[in-house]
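The next block holds one structure in the form of structure tokens; read it before the comments.
Note on naming: letters A, B, ... go to the chains in the order of the sequence lines (proteins, then strands), and numbering restarts at 1 for each one.
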There are 2 protein chains.
Amino acid sequence: MNITIYDVAREANVSMATVSRVVNGNPNVKPATRKKVLNTIERLGYRPNAVARGLASKKTTTVGVIIPDISSIFFSELARGIDDIATMYKYNIILSNSDMNKEKEIRLINTMFEKQVDGLIYMGATITDEHVQQLKTSPVPVALAATIDPTETIPSVNIDYEQAAYEATSYLIDNGTPQPIYVTGVEESEVNKKKYQGYVRAIEESNGSVNNDYIINVDFSYESGIDAANQITEMDNYPKAVFAATDELALGVIHGLQDKGIKVPEDVEVFGFDNTRLATMVRPTLSTVVQPMYDIGAVAMRLLTKFMNKENVEEKNVVLPHQIVKRNSTKEK
Amino acid sequence: MNITIYDVAREANVSMATVSRVVNGNPNVKPATRKKVLNTIERLGYRPNAVARGLASKKTTTVGVIIPDISSIFFSELARGIDDIATMYKYNIILSNSDMNKEKEIRLINTMFEKQVDGLIYMGATITDEHVQQLKTSPVPVALAATIDPTETIPSVNIDYEQAAYEATSYLIDNGTPQPIYVTGVEESEVNKKKYQGYVRAIEESNGSVNNDYIINVDFSYESGIDAANQITEMDNYPKAVFAATDELALGVIHGLQDKGIKVPEDVEVFGFDNTRLATMVRPTLSTVVQPMYDIGAVAMRLLTKFMNKENVEEKNVVLPHQIVKRNSTKEK
DNA sequence: TTGAAAGCGCTAACAG
DNA sequence: CTGTTAGCGCTTTCAA
């Protein structure tokens, strides 16, 4: 049996209520009493039971985090931002991987509610109506991180993916390739749609029409990037620039190209997206779109704390600034 | 106010106990009653409160995970292994980053206990006596993952770091470099000590004595790898092989060398440690020690479930097999 | 400034 | 097979 608040009360000759007050830093306790209680807490090695506290107060000081895959270099950075801010506000995180599997996502959302989290941060590719339904009837605040809800019902933190992709593509176009090849994953997420739209807009604004042969759909993996590079080299007279939807894909493309003796950026330019740590861990270093993953996580968590505190929030759909960083996988203009 | 078990009981004309039984899958319920209860659960949208359950049953079905840094490519892979097995056994994970900061580590351990986790998985560099004290008086089972307790008091899952480093070093020695350069981080963890010992043993067994000039202490980062490469190139007549304590360091070394026009492996061979995904995302691909991160996490979690179920465990300090994989950053023998 | 007492929602004997 | 009844350890009025 563990030491409870009751044991402390008895030993200190006060009531449970008083012990509770000192544990919770309630100022309405005479300093002498406080000291006495603190001493016996120390002496007995009392440790508050957060579960009991949660039941009584209806607050668990933990938030749920649903993430596609924590082992991804992209999402783990986001998670770090979330946890740092959570810690700052005295929350703990229950973390679960969803693998972008809808059934699992819905199940996890419910598990989080059962665990009585005070709030939920959700990351995922596709937000269906069922997701929205589930999330919008949530008993606690929810925030999406790096995840777009097409209905804009759920608060979220993102960058402007369309514009970012537009800028990256435009850069390549200005560098002399009328339609850069676009390498992306097949998955039908809202974020990917936006990136695609930005790519298309850049081309249409500068040349008119888009040749779909130059859009390569693979997976979002490094190996797929290599595959894509192989597909590219098999085209006759292929464009001399590639825009990859993620840095990992871009690394694959670069290496796939190099493995065939093609030089980057002299023969073919490559542009990435995300600016994960990978971008500087490759030769040539990768020109890419800076998506501030850590900040997205941090801001999403901060937003959530505001909701949990019932503070007034001006803008529920936060758009963080992105940036284009030119390194050595593209040519100087 | 939420729907409680009491509401369901009333609506279904049964007692709370019966509702509790069907929710928990207790077989001692007449099928007809079960069905009736299930229906009203459905109708009312009842969702069990895990906190109340935790208080009453003294089991939370959540385990704590203390990790140095989830954004590290190494630890995030471990975390994935942990979560997968946790999910398999119906546990959730409370994840916290410690940044290898002792004070924070101790505090987190206590937070986990307050939250009444059913078990704890701990990862960290240095296990001091205070850590051991704290962990060994834990109210719940604990398992270390990729973390060595010098006193061997706490159950753990690791590989044989000494032997692994020995083998990597020996490979380089056999390839013609009597003393390969060893690049490592300064941090004084037990794991690092073992790697160092393996490196030393390999050299001593083959040549006699170790030249400390060939041991470079930097940080455990990619950039430090580059720094190390620069230090190396400034030595006169430096050894033509480098053993890096982590893959990330190894990538830095490779690129630092390449940036100076030195060819890997023709001019200098490089060997890594861990076999993170980085190892194949570099040119030349990295020869390295395979440390099965995912498996270490998975096995640690599995071990923990056994402890939590009070099953008998034969070996409390699990040593998983490692492996040497030769890719293109080293020469063929 | 302190204490008494009523829950929070559920589990787990125990009885029947 | 089902119901009654104590708690689990803490917070939170309400009174004093």
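- B:Lys316 has no carboxylate O lying under 4.0 Å from a charged side-chain N of B:Glu152, or vice versa, which leaves the two without a salt bridge.
- With hydrogens and angles left out, the side-chain atoms of B:Lys104 and A:Thr87 include no donor and acceptor closer than 3.5 Å.
- For C:dG9, one of the phosphate oxygens OP1 or OP2 lies less than 4.0 angstrom from a side-chain nitrogen or oxygen of A:Lys58.
- Checking the phosphate oxygens (OP1, OP2) of D:dG3, a side-chain nitrogen or oxygen of B:Ser15 falls inside 4.0 Å.
- Regarding B:Asn49, its CG atom lies at a distance of 6 Å from the C1' atom of C:dG9, rounded to whole Å.
- Counting non-hydrogen atoms under 4.0 angstrom, A:Asn28 reaches a base of the nucleic acid.
- A salt bridge is absent between B:Asp83 and B:Arg80; no separation between the charged side-chain nitrogens and carboxylate oxygens falls under 4.0 Å.
- B:Arg10 has its CZ atom 17 Å from the C1' atom of D:dG3, to the nearest Å.
- Rounded to whole Å, atom P of D:dC10 lies 9 Å from atom CG of B:Leu55.
- A:Glu190 has a carboxylate O that lies under 4.0 Å from a charged side-chain N of A:Lys193, or vice versa, which qualifies the two as a salt bridge.
- Atom CG in B:Asn26 sits roughly 13 Å away from atom C1' in C:dA13 (whole-Å rounding).
- Residues passing the side-chain contact (heavy atoms from CB on, under 4.5 Å) test with A:Glu105, sequence neighbours excluded: A:Ser98, A:Met100, A:Lys102, A:Tyr122, A:His131.
- Contact annotation: B:Thr33 reaches the phosphate of D:dT2 (side-chain N/O to OP1 or OP2, under 4.0 Å).
- Atom CD1 of B:Ile154 and atom CG of B:Leu135 lie 4.5 Å apart (nearest 0.5 Å).
- A salt bridge does not link B:Arg53 with A:Glu114: every distance from a Lys NZ or Arg NE/NH1/NH2 to an Asp or Glu carboxylate oxygen is 4.0 Å or more.
- For B:Lys36 and D:dC1, the NZ to P distance is 14 Å, given to the nearest whole Å.
- C:dC8 atom P lies 15 Å from atom CD1 of B:Ile3, rounded to whole Å.
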I need a per-nucleotide contact map over nucleotides 11-16 of chain D, read 5' to 3'. Cutoff is protein heavy atoms under 4.0 Å; write B for the base, S for backbone only, - otherwise. BB----
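- Rounded to whole angstrom, the span from the NZ atom of A:Lys115 across to the C1' atom of C:dC10 amounts to 15 Å.
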